[in-house]
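Just so we're on the same page: letters track the sequence lines, and every chain starts at 1.
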Number of protein chains: 2
Amino acid sequence: MGVSGVPSPNKLLAALPPEIYERLQPHLDLVPLELGASVYEAGGKQPYVYFPADSIVSLLYVMKDGASAEIAVVGNEGLVGIALFMGGETTPSRAVVQSAGDAFRLSSKIMKQEFEYGGPLLHLLLRYTQALITQMAQTAVCNRHHSVEQQLCRWLLLSADRLPTNELTMTQELIANMLGVRREGVTEAAGKLQEAGLIHYSRGRITIVNRLKLEKRVCECYAVVKKEFDRLLPDQIAI
Amino acid sequence: MGVSGVPSPNKLLAALPPEIYERLQPHLDLVPLELGASVYEAGGKQPYVYFPADSIVSLLYVMKDGASAEIAVVGNEGLVGIALFMGGETTPSRAVVQSAGDAFRLSSKIMKQEFEYGGPLLHLLLRYTQALITQMAQTAVCNRHHSVEQQLCRWLLLSADRLPTNELTMTQELIANMLGVRREGVTEAAGKLQEAGLIHYSRGRITIVNRLKLEKRVCECYAVVKKEFDRLLPDQIAI
DNA sequence: AACGCTCTGTGCGCTACCGAACGGTCGGGA
DNA sequence: TCCCGACCGTTCGGTAGCGCACAGAGCGTT
């Protein structure tokens, strides 16, 4: 819940035409997502899809040897569970709560029904999916070419964009898991960023102090993704 | 064209119900794609979509400094131009011909019309898109965690799967561009693979000598992607 | 036959990141 | 108040990949 006591809206839901939203509304449940909880397991069927309100969910691939890497991140701009309407039902990656908060839960059955109707909801979800695809593509590029520090900046900005506050609860260990690097690498990079006055952190609590400077230090990947999200999903959407 | 003189079929087109295929057929043109040609530029509108027959197209992101990385690869199992029906029209990445050959070209207008009808074609294209998403995700993971040699194996297998022969025309320089690594890195990795009798190459011509051994040396990423394609797009498709 | 271009091989110093180990510090619970 | 566990900092040797520079090798051209 936001400070107002009203849940932060989910932008996708908010962008739906009123009559569709009203049809879905009775089936939407606001549920809490706890830090570290698994929303979906790799290869598992999905009884629900989730529209994060003030929570953030990471799409994470975990390899056989336990190493992991974040594929993409979903906040109040999107939904978790695109495989449902894309037709595959499952995916090889997990969905893990990266920042605790609430999400609107909708039964897969209802979601699929509405999608099959076609029309605005279908087009909205597909545009969101394309934005997500861009994020994945850019993650691949970033993984190939950019330093841990740059990737950390990107990750912090992506997270901050999806939160109502500029403070995130996240240990360096967990960030390392998301980025698929060593915990020490994060310690070092985060140390530099704190040194430079961009962030402040202590014991699993990170505050973004100077967002502008952070945006100057990040690689181009962040802007590419953000621009594409803005293009595909403008805030005041006209379908 | 294949040896028979008949173009190698595109699997997506082949999977369409006959009446839909017949509707599209008059609008399909078999066109040659030349090595290195750009099918789409980043951010550019798309007058056509392409269903590769015996050609291969790479989705490539090129950064401001000129460095590049392959996002995914499209052969006769898919189509180039998903952004058209996903709603965004454009993407931030380029599409470059990685292996010369033919492709069926279809006007974007017709494609979009058919997609909007809904039904089997829509579902088929969305399932393909999900498979493509898996490939991108796995590329991100592979870029993070695996050696140049492993990635080269993955790349060779992905290419071989999409070609009628086991010989590919491709300089090490170009492979390096796709993988986003140095040319020398490819030279070294390819040297090891040749040493071990898995491949043979000379002056821009690579032959896969022992596919089984190649599959033993590749990282898990290849199998994950292949399995997902087979699951989502079985050869004898029943929509 | 000689040239020239493209492609491949190799060597060298450099840096970022890894793996492992360990010490310090903060904060909450008994 | 003390202690323990979670979190963070640091160090050190090892290595994969980078950037650069140049040397050979194959192949077509004139």
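- Distance NE2 (His145(B)) to P (dA16(C)): 20 Å, rounded to an integer number of Å.
- Ile206(B) places its CD1 atom 12 Å from the C1' atom of dC7(C), with the value rounded to the nearest Å.
- Comparing atom distances between the Thr187(B) side chain and each of dT10(D), dT8(C), dC17(C) picks out dT8(C) as nearest.
- Between the CD atom of Glu195(B) and the P atom of dT8(C) there is a distance of 17 Å, rounded to whole Å.
- In this model, a donor atom of one side chain and an acceptor atom of the other lie less than 3.5 Å apart for Gln172(A) and Thr187(A).
- For the residue pair Ser38(B) / Glu41(B), a side-chain donor-acceptor distance below 3.5 Å is found, with atom types taken as modelled.
- For the OP1/OP2 pair of dC18(C) and a distance below 4.0 Å, the side-chain nitrogens and oxygens of Arg182(A) include at least one atom meeting the criterion.
- Scanning both residues, Ser55(A) and Leu33(A), for their nearest heavy atoms gives OG-CD1, 3.8 Å.
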Original post:
Could you write nucleotides 24-30 of chain D as a row of B, S and -, 5' to 3', where a protein heavy atom under 4.0 Å of any base atom gives B, of only sugar-phosphate atoms gives S, and otherwise -?
Top reply: -BBS---

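- Between dC26(C) and Tyr201(A), no contact under 4.0 Å exists linking OP1 or OP2 to a side-chain N or O.
- Between Leu174(B) atom CG and dT6(C) atom P there is a gap of 13 Å when expressed in whole angstrom units.
- Within the nucleic acid shown, Gly204(A) comes within 4.0 Å of sugar-phosphate atoms alone, with no base atom in reach, counting heavy atoms only.
- Side-chain nitrogen and oxygen atoms of Gln194(B) include none within less than 4.0 Å of the OP1 or OP2 phosphate oxygen of dT8(C).
- A donor-acceptor contact closer than 3.5 angstrom is absent between the side chains of Thr139(B) and Glu70(B).
- No side-chain heavy atom of Leu59(A) sits under 4.5 Å from any side-chain heavy atom of Val73(A).
- In this structure, Glu173(A) atom CD and dC26(C) atom P are separated by 20 Å, rounded to whole Å.
- Between Leu179(A) and Trp155(A), the closest side-chain pair of non-hydrogen atoms falls below 4.5 Å.
- Side chain to side chain, Gln46(A) and Thr90(A) fail the donor-acceptor criterion of an N or O pair below 3.5 Å.
- Spacing between atom CZ of Arg205(A) and atom P of dC8(D) amounts to 12 Å, rounded to whole angstrom units.
- For a distance-only test at 3.5 Å, the side chain of Glu184(B) qualifies as a donor-acceptor partner of the base of dC20(D).
- Residue Gln172(B) places at least one side-chain N or O under 4.0 Å from the OP1 or OP2 atom of dG9(C).
- For the pair Arg183(A) and Gly180(B), nearest-nucleotide mapping onto DNA chain D gives the more 5' position to Arg183(A).
- Going from atom CD of Glu188(B) over to atom P of dT15(D) covers 14 Å, rounded to whole Å.
- Between the NE2 atom of His146(A) and the P atom of dC17(C) there is a distance of 12 Å, rounded to whole Å.
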